[in-house]
Asks: 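Below you will find the structure I want to go over with you.
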Amino acid sequence: MRGLSLRFRIAGGVLAGLVVLFTVFGFLAVRTIDLSVDVALDERLRLAQISAGAVDELLEHTALQLERAALFVAAGTPDEERRHVADAYDLLGEFDRIVRLGADGSVLWIVPSQPDDADWPAGQNAAVRAALRGVGTSVVAPARGDPADDLIAIIVTSLERQDRPAGFLAGELRASHADVDLLMLPASEGSVRAEIVDATGYVVAQPHDGDPDRPDAHVGILGPIISRGEPGTTIHEIENGPDHVIAYYPFRSHPGGVVVEQTEDAAFVIPQQMQRTLLVYGVVALAISSVAAWLHAHTVVRPIRRLTSDAARMAYGDLDSPITVARNDEIGELGRHFDEMRVKLKASLEESARWAAELEHRVDERTREVEEKNRELNVLNRIRRQLLAKTISAQEEERKRLARELHDDSAQTLTAVLMTLKTAEDALPAGPHDARKAMDRSRSQLELALREIRKAIVDLRPSALDDLGLAAAARTYATEHLRPYGIKVAFSVSGDEQRATGAAATAVFRIVQEAVSNAARHSGARKVRISLDFGPSAVVTEVKDDGAGFDPAGFHQPQESGRGLGLLGMRERAELFGGDVEIESGAGTGTTVRVRIPYA
Ligand SMILES: Nc1ncnc2c1ncn2[C@@H]1O[C@H](COP(=O)(O)OP(=O)(O)OP(=O)(O)O)[C@@H](O)[C@H]1O
Ligand SMILES: [Mg+2]
């Protein structure tokens, strides 16, 4: 399978790097956004703290004022009490109402006075009742009532008298009445609003705008934070609108605290803006980088492609067109090296072609020379064969003539002399002993000479060859020549002997003669088997001994001593008649000479 193209690899690599880079930056951006969110939450908490602090300070200050007023009131007579309280009310200005309570908690009167003074609602408040049991000053959270009432706290202080319990003064503090703006964040500016909540998260006071929160709006979400008694922030999920960020800070002076609330959109406007900007810029930057990576890959790959096609052209044998890459970088260098390679390759190919042509020329010349020599050799061979044939037939003729002459003349003459000698010997009187003896010796010598001459005649040309045929001549020759060496002869003939006549028969005889002579002289055999098989087209002769054997491979040419011509002569003779000689021999396995000679 073909791998990804270089262009994809480069672009992919660059893109992968970019994606990693963007991921890291994205992570950092998310961290920054998270931090911005934390900062935004902290800021809301700080606002709540400032508001809560202001309320705390106001309460402490007001409690102190009421304590002082109580001292002053207690110092006077009971008749003067109401006037003193009314003066204090006017002087202090912070209280919405000041209630004079009896020692048992009953309402005696209220400044400013109201028609239903006796039914002061806070009198039923359990916290107020608890405060009435103590001594000193307490800040009491208002009972859960109407948030529009704005009642922030009730300050209860006892009227100390030495002789008897004198009751209490209770000052109501309302957000709307206080000189100080307790909820400093008006609802109209942005989406931030502040509320005062009691110890259960119930709204006690809130800005007077067109869209007040339900009193129990935050009870559920603020519960866990308030129960910890520590400041905290949370998100208020609104069903049909944007979620709200809520920051709560508790009062020091009494249970409850200030809640600062803002829509999430407004609170996190910077992080969200950052998020959107990052996303848009990130996507645009990634798109631009991708295109840039792709173009970059293209500019790198284009010259490489060109180089590749040039190299392919070179591979297909076009070494004439130059390779040009007009660049000064590594690819340009590669192109230049390629071109150098092309030039060198071309030169070396031309050189090789020259050499090949030269070589071919020389080979042609040599071939012609060899052919010429071969022709000469063939002619020489033919002449040699003709000469050999002539020599052999001349030799045979000469042997025949010599044998005939020896037989007809010398042997006849010697026979006649021998007979004459015998006659003379017989005719000699018995007296001259020496003469008889000498004659006797001469006769023996003559008989010896005659035997030798007869043997020579047979060797030269056994008359049996002409008279009795090849088989008989071969058998006689073998028997006579092997017997003196104590070698037994087994002779067999098969086929029609009449088929082999003339020169072919003579050749077979001469070969048998040589084989028998070798067996006698070299083999040391005890037995020699000779077989003649007169087949339909050729006579196959086998001379097999059980002697020492030899290595025939060493006798394909004559020895320096002049020996070794016998085996060669056999082959020459056989080949002259279109036949062949096989010699099987080896140390200890005996020797088999097999000759096949066609009839004509
Ligand atoms: N039947 C055999 N058994 C063992 N050795 C043989 C036999 N025939 C040939 N050889 C070995 O092969 C050699 C070559 O034989 P070859 O007939 O060519 O030469 P030669 O007999 O030595 O001499 P000549 O030329 O007189 O025949 C011999 O010298 C002999 O060592
Ligand atoms: Mg020999």
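Just follow the structure's listing: the first ligand is 1, and inside any ligand the first atom is 1. Side chains are part of it too, since the values below use all heavy atoms of this structure and drop only hydrogens, waters and symmetry mates.
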Asks: For ligand 1, find out whether one of its N or O atoms is nearer than 3.5 Å to an N or O atom of Leu568.
Replies: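 Leu568 vs ligand 1: no N/O contact under 3.5 Å.
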Asks: Restricting to non-hydrogen atoms, name the atom on Val595 and the atom on Ala574 that form the minimum distance, rounded to 0.1 Å.
Replies: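 Smallest interatomic distance, heavy atoms only, reads CG1-CB, 4.3 Å.
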Asks: Quick one: closest heavy-atom pair of Leu45 and Gly232, and the distance?
Replies: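 Taking every non-hydrogen atom into account, CD1-O, 3.5 Å.
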Asks: Shortest non-hydrogen contact from Ala389 to Leu576?
Replies: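 Minimum heavy-atom contact is CA-CD2, 3.7 Å.
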Asks: Give a yes/no verdict on whether any heavy atom in Met570 is under 4.0 Å from an atom of ligand 1.
Replies: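 No heavy atom of Met570 comes that close to ligand 1.
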Asks: Looking at Arg362 and Glu358, is any side-chain nitrogen of the basic one under 4.0 Å from a carboxylate oxygen of the acidic one?
Replies: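 Yes, charged N to carboxylate O under 4.0 Å.
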Asks: The Mg ion (ligand 2) to Asn518: any N/O/S contact under 2.8 Å?
Replies: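 So Asn518 does bind the Mg ion (ligand 2) by this criterion.
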Asks: Checking Asn378 against Arg375: is there a side-chain donor and acceptor pair closer than 3.5 Å?
Replies: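 No - no donor-acceptor pair under 3.5 Å links their side chains.
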Asks: What atoms of ligand 1 come closer than 4.0 angstrom to any heavy atom of Asp545?
Replies: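 Those of ligand 1 that fall under 4.0 Å from Asp545 are 1 (N), 2 (C).
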Asks: At a non-hydrogen distance cut-off of under 4.0 Å, which region of Leu567 contacts ligand 1 (side chain, backbone, both, or neither)?
Replies: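 It is both parts that get close, each with some atom under 4.0 Å.
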Asks: Can you name the nearest heavy-atom pair linking Ile323 to Gly335, along with the distance?
Replies: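 Of all heavy-atom pairs spanning Ile323 and Gly335, the closest is CG2-O, 4.0 Å.
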Asks: Just distances here: any N/O of Phe550 and N/O of ligand 1 closer than 3.5 Å?
Replies: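 No, there is no polar N/O contact under 3.5 Å.
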Asks: Between the Mg ion (ligand 2) and Glu514, which N, O or S atom of the residue is the nearest one?
Replies: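 When I compare the N, O and S atoms of Glu514, OE2 is nearest to the Mg ion (ligand 2).
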